[in-house]
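What follows is one structure encoded as structure tokens, with my remarks underneath.
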Number of protein chains: 2
Amino acid sequence: MTTLSEENYLKAIYHLGKQGATPVSTNAIAEKVESKASSVTDMVKKLADKNLANYVKYQGVSLTNKGRLAATLVIRKHRLWEVFLVNKLNFSWDEVHEVAEQLEHVKSLKLVNELDAFLEYPTHDPHGDPIPDKDGNYSPIKSVNIFDVDKGKEGVLSFVKDSTDTFLKYLNKNKLALGDTIKVLDYEPFDNSLTIETKTRKMIISKEVAQNLYLSL
Amino acid sequence: MTTLSEENYLKAIYHLGKQGATPVSTNAIAEKVESKASSVTDMVKKLADKNLANYVKYQGVSLTNKGRLAATLVIRKHRLWEVFLVNKLNFSWDEVHEVAEQLEHVKSLKLVNELDAFLEYPTHDPHGDPIPDKDGNYSPIKSVNIFDVDKGKEGVLSFVKDSTDTFLKYLNKNKLALGDTIKVLDYEPFDNSLTIETKTRKMIISKEVAQNLYLSL
DNA sequence: AAATATTTTTAGTCTTATCTAAAAATATTT
DNA sequence: AAATATTTTTAGATAAGACTAAAAATATTT
Ligand SMILES: [Mn+2]
Ligand SMILES: [Mn+2]
Ligand SMILES: [Mn+2]
Ligand SMILES: [Mn+2]
């Protein structure tokens, strides 16, 4: 059995390395889970004892297969709950994360799988993140960053990299939502801003914004 | 903010006294939360410090208004989640309790209230227990124990007092479910058993079973 | 290759929620 | 009303998870 705290560390390690494959540093984990490096060292030893992580002193931490599966199960639950909150309970995409952080730790295989079925097996969460299946597998993101879309071409907004509510609220305010068709009109070398066009209007987005928008073509 | 553990103690105190009104003993609480008396003493002091409980050494514990509201909110969440699991996720009534014990601690006012709306404001959970509203109020149970139903009369099974999965599985096995119409045919003074008749058949139920069945007339 | 800076680990504390064993208070029997 | 039994509280420990400060290891500069 993994504790709530262990699960949060597993997620952090998973997200920091590529699926937990490459060793990540103590400090990086500490920042992600909002704790201190010394706390991370303690926890990481515990994960290694439980065969969830590979840990060599001073050399970083990676996940074992067991750890990776545990991490993806938590991520699967997180994203399914986010879909539930948005699709069934009228939450908006900037309100779901905090609640999903709690729901992801509820233990019941039946619960996850029935929820999955109830939601009709969604493949992506409200931010465009892929939902792993029971075995932790998911098809890789096929969307491309908006900077890599040629001038004059269009695509469908299908993933936002940053899903903090600050950014999501910016998108709400500017009427940009997942599923919207966006055309790239112009690129400005001076500040790396882009001029884009949606169904409803034309607008300029900053480099910071553009970096977080991904389109499927 | 109440912790998970505090919430479980509040529920226990609520259920042991009548809505936490009458003082309950340390030992009774300990048994309910599956801990030891000394742990209860500690926790109860903490609840009193937070103005959730009234505690006088050696004289038992009751709930303050604040404590009672906190307790009913947890109970409200527990029962709403049970309805969700049964009505939407294909859980049977003997499978929901353990999962609801976890879900009841998720913190989000919006979540509870949207869930309530999504389920179309159910008044009772899958075991016939009433679901408190936002203010902790619910209409008192109007069903009567099957022993108090006159011979020859019938009623609808609308509440089961014991909702351990042992008892619920007994009911499943004997095809007795909430909503079933049951007629009382005979009472046997020797062992206090009852002969009852359902839509599908006639059967004898023991005193132990009868004590847990409540009908609305 | 030293010297310096940064990162990581260790050592020792703290808090929350438990526990056991002993002491104190209350209840029940004789 | 004593004696005995039961219940409750206190005292002291333990485990999980976090922290600070100091020590040790690794990285980066000079
Ligand atoms: Mn999220
Ligand atoms: Mn998400
Ligand atoms: Mn229940
Ligand atoms: Mn119930």
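Keep in mind the model is a prediction, meaning the values are calculated, not measured. Naming convention: chains lettered A, B, ... in sequence-line order (proteins, then strands); numbering from 1 in each chain.
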Taking the side chain of [X] as its heavy atoms from C-beta onward, which of [options] lies nearest to it?
| X | options | result |
| --- | --- | --- |
| B:Thr41 | D:dC19, D:dT8, C:dT9 | D:dT8 |
| B:Tyr58 | C:dT18, D:dA18, C:dA24 | C:dA24 |
| A:Met43 | C:dT8, D:dG17, C:dC19 | D:dG17 |
| B:Thr3 | D:dC19, C:dT9, C:dA17 | C:dA17 |
| A:Asn27 | C:dT7, C:dT18, D:dA21 | C:dT7 |
| A:Asp42 | D:dC19, C:dT18, C:dC19 | D:dC19 |

*Within 45° of the ring axis of B:Phe118 and under 6.0 Å from its six-membered ring centre, is that where the NZ or CZ of B:Lys88 lies?*
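Judged by the rule (NZ or CZ under 6.0 Å from the ring centre, within 45° of its axis), B:Lys88 counts as positioned above B:Phe118.
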
*Can a cation-pi geometry be assigned to B:Lys110 and A:Phe91, taking NZ or CZ under 6.0 Å from the six-membered ring centre and within 45° of the ring axis?*
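Flagged: B:Lys110 positioned over aromatic ring of A:Phe91.
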
Whole-Å distance between [N] [atom2] and [X] [atom1]?
| X | N | atom1 | atom2 | result |
| --- | --- | --- | --- | --- |
| A:His105 | D:dG17 | NE2 | C1' | 14 Å |
| A:Lys45 | C:dT9 | NZ | P | 8 Å |
| A:Leu4 | C:dA17 | CG | P | 14 Å |
| A:Glu6 | D:dG17 | CD | C1' | 10 Å |
| A:Asp49 | D:dG17 | CG | P | 12 Å |
| B:Lys50 | C:dT16 | NZ | C1' | 11 Å |
| A:Ile29 | C:dT7 | CD1 | P | 14 Å |
| B:Glu7 | C:dA17 | CD | P | 11 Å |

_Is a donor from one side chain sitting under 3.5 angstrom from an acceptor on the other, for A:Trp93 and A:Asn172?_
yes

Presence of [X] side-chain N/O under 4.0 Å of [N] phosphate oxygens OP1/OP2:
| X | N | answer |
| --- | --- | --- |
| A:Ser5 | D:dA18 | yes |
| B:Ser25 | D:dT7 | no |
| B:Lys46 | C:dA17 | yes |
| B:Ser39 | C:dA17 | no |
| A:Tyr55 | C:dT9 | yes |
| B:Lys36 | C:dT20 | yes |

*Short question: side chain of A:Asn145, backbone of A:Phe147 - any donor-acceptor pair under 3.5 Å?*
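Indeed, once roles are kept as given, a pair shorter than 3.5 Å links the two residues.
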
_Comparing B:Thr26 and A:Lys57 on DNA chain D - which has the more 5′ nearest nucleotide_ =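 It is B:Thr26 whose nearest nucleotide is closer to the 5' end.
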
_From A:Asp133 atom CG to A:Leu73 atom CG, the distance as rounded to the nearest 0.5 Å_ = 11.0 Å

*Within the structure shown, what part of the strands sits under 4.0 Å from A:Ser35 by heavy-atom distance: base, sugar-phosphate, or nothing?*
sugar-phosphate

*asked:* Considering every strand and a 4.0 Å limit on heavy-atom distances, what is the contact class for B:Ser38: base, sugar-phosphate, or nothing?
replied: base

*Quick one: are A:Tyr14 and A:Leu63 in side-chain contact, heavy atoms under 4.5 Å?*
yes

_Do B:Asn113 and B:Arg76 make a side-chain contact, defined as non-hydrogen atoms from C-beta onward lying under 4.5 Å apart?_
yes

_My validator wants the stems of DNA chain C: runs of 3 or more consecutive Watson-Crick or G-U pairs, both distances under 3.5 Å, written as range with range._
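Result, WC/G-U stems under 3.5 Å: C:1-30 with D:1-30.
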
*Show your working on side-chain contact (heavy atoms from CB on, under 4.5 Å) between B:His97 and B:Ser163 and close with a plain yes or no.*
CA-CA 8 Å; B:His97 186 72; B:Ser163 47; 5.6 Å; no

